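Some notes on the structure that comes next.
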Protein chains: 2
Amino acid sequence: MSVAALAELGSLLADQSRSTLLVALMDGRAWTVTELAHHATIARSTASEHLSRLHDAGLVVVEAQGRHRYFRLADNYVAQLVETLGGVQLSTPGSRRHFSKVPPALAHARSCYDHLAGQVAVELYEGLVTSGHLMLSVDLVTITVQGRGLFQSLGVDVSMLERSGRPLVRTCLDWTERRHHLAGGLGAALFQVLIDRRWIRRGRQPRSIVITEAGNCALPRLTGSDRTREDVQNNSALAEILRT
Amino acid sequence: MSVAALAELGSLLADQSRSTLLVALMDGRAWTVTELAHHATIARSTASEHLSRLHDAGLVVVEAQGRHRYFRLADNYVAQLVETLGGVQLSTPGSRRHFSKVPPALAHARSCYDHLAGQVAVELYEGLVTSGHLMLSVDLVTITVQGRGLFQSLGVDVSMLERSGRPLVRTCLDWTERRHHLAGGLGAALFQVLIDRRWIRRGRQPRSIVITEAGNCALPRLTGSDRTREDVQNNSALAEILRT
DNA sequence: GTTACTCTTCGGTCCGCGCCGAAACGTCGG
DNA sequence: CCGACGTTTCGGCGCGGACCGAAGAGTAAC
């Protein structure tokens, strides 16, 4: 699908007069140019031009009858489209260039302070949400009963964590993935579990804190060769857990 | 229904640059002004203005982090909206010319936002229909009981998806095949499953979005040599599933 | 503090296009 | 054929807005 087509469709709807014409046609009946022009309070010639554009785009169809030309919406799909859009409440990047500077191992999995970050972390977090262990409300994430069960079974004392004063569930915008991953007390505990069970493993590098370009992630990281093997284990084991 | 709101939404989408920005955000990730500006090949200031308008309208949300400001689509509903509009086929007379220029790998399999597209996707979708996992009514596609079983067995939580607010089953007109493929929440979930199970695999290219001549497809794509092998696996495995 | 970086705001230019009225085209009735 | 009427095409006007570069505000690292 096409950006150009999207923009074109948008520009068709963008004009107030054209929108008025389309809405007037929403009843499914056919109307003449003059009638529609009068309804939209524009000149006949202007209405004619608008309808011509809508016709070229295939949004309306025309039926000639004598010297009249009756315009109708093309089909139900267009009507549905207009209805959908009308219901909205409004209140290539070719250029990942500086991304190439991020070592793949780093993008794949790393630590962010005391929790896991990177592709693995993002997938993990989203997996926890879609599997119903975490629940997403407006702008708040909470742990579900099911999630409590999961973490308890992993040896995490959730209620203990809750009393620690630190927020249990937090999300953190992942620096490389641009999506959220799990942070907070639960994120830290989970990271510990993953390490303890050897599903992931710290990299060979000294635990130095490297400040990246974006400046916001600390990363004793997973090493290249180990990473792959460890992550496969990680994925399958976690997948199994999430399936519970 | 408000004509004014319709026109305003249209005018937001009408501009090619804004459409490009929105489409770039369709992957659900968050991007900075600079990145988006570069992707749309416009000045940072221009991109900033566009994003500001989109933000005012509530189509995108912004998250400040240090000196960066990350923009994301506001919610799934917006994504659905863009997807719906993008699925409209406008009958632009001159637009069938550049078919031969589509790279074969691209026509064969590619991603379309967050779901699979291309020949493989079209066959897959039609397979799901003929095998009774999806049901086709007048202008509506729904999942059958049998289909629920299939997706559950693939690890997709269908009922969870249904509650997410995003339409579960959508179809999207395939840009190269001119037939429908599966989109919506189910399409996205299926795509994820295919990747997780390594039945398909992202291309070796950096995950850049390449704009084709027709200007219309985002494509972290399957590479040539790998593609074939991976797709064969894909097909047989899927065929087996569909036979169930 | 300084330097470097990102992002927004502000002038100013320029193109697109929505608008109208006049004229041309087509169809119907007399 | 001729006038009446519905519609489309054309020329020209004027506004809105997309665009950029420069300047200003805010943040991060040294």
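The chains referred to below are lettered A, B, ... by the order of the sequence lines, with proteins before strands, and numbering in each begins at 1. As the structure is a computational prediction, the values presented were derived from the model and not from experiment.
Donor-acceptor pairing under 3.5 Å, judged by distance alone, is present between the side chain of B/S45 and the base of D/dG21. Looking at B/E49, its side chain has no donor and acceptor atom pair within 3.5 Å of the base of C/dC7. Interface remark: the B/R67 side chain does form a donor-acceptor pair with the C/dC5 base, using a distance-only criterion of under 3.5 Å.
A straight line from CG of B/L51 to C1' of D/dC19 spans 15 Å, rounded to a whole angstrom. The distance from atom CG of A/L54 to atom C1' of C/dG18 is 13 Å, rounded to the nearest whole Å. One can place CG of A/L13 at 16 Å from C1' of C/dG18, the figure rounded to the nearest angstrom. Note: NE2 (B/H55) to C1' (C/dT9) measures 16 Å, nearest angstrom. Note: CD (A/E35) to C1' (D/dT7) measures 13 Å, nearest angstrom. Computed from coordinates, the B/H38 NE2 to D/dC20 C1' distance equals 16 Å when rounded to whole Å. Here the C1' atom of nucleotide C/dT9 and the CZ atom of B/R53 are 16 Å apart, to the nearest Å. At whole-Å resolution of the value, NE2 in B/H50 and C1' in C/dT8 are 14 Å apart.
Across all strands, B/S17 comes closer than 4.0 Å only to sugar-phosphate atoms, never to a base (heavy-atom distances). Nucleic acid contact for A/T32: sugar-phosphate only, since backbone atoms but no base atoms lie under 4.0 Å from a heavy atom of the residue.
From A/I143, atom CD1 reaches atom CG of A/L128 across 8.5 Å, with rounding to the nearest 0.5 Å. Rounding to the nearest 0.5 Å places CZ of A/F151 at 6.0 Å from CG of A/L134.
The side chain of A/V33 lies closest to D/dT8, out of D/dC20, C/dT8, D/dT8. You'll find that the side chain of A/T46 is closest to C/dC19, out of C/dC19, D/dC20, C/dT8.
Nearest-nucleotide positions on DNA chain D for A/T34 and B/D15 put A/T34 closer to the 5' end. With the nearest nucleotide of DNA chain D identified for both B/I42 and A/S48, A/S48 has the one nearer the 5' end.
Annotation for B/S19 and B/L13: closest pair OG-O, 2.7 Å, computed over non-hydrogen atoms.
Residues A/L25 and A/W31 form a side-chain contact, since some pair of their non-hydrogen atoms from C-beta on lies under 4.5 Å apart.
Distances shown here put a side-chain N or O of B/R69 below 4.0 Å from the OP1 or OP2 atom of C/dT8. Taking 4.0 angstrom as the limit, B/R44 places none of its side-chain polar atoms (N or O) nearer than this to OP1 or OP2 of C/dT8. Put simply, B/S11 has no side-chain N or O that comes within less than 4.0 Å of OP1 or OP2 on D/dG17. Within the 4.0 Å cut-off from OP1 or OP2 of D/dG17, not a single side-chain nitrogen or oxygen of B/R18 is found.
Judged by distance alone, with hydrogens and angles left aside, the side-chain atoms of A/R44 form no donor-acceptor pair with the main-chain N or O of A/T34 at under 3.5 Å. No donor-acceptor distance shorter than 3.5 angstrom exists from the side chain of B/T41 to the backbone of B/H38, with no hydrogens or angles considered.
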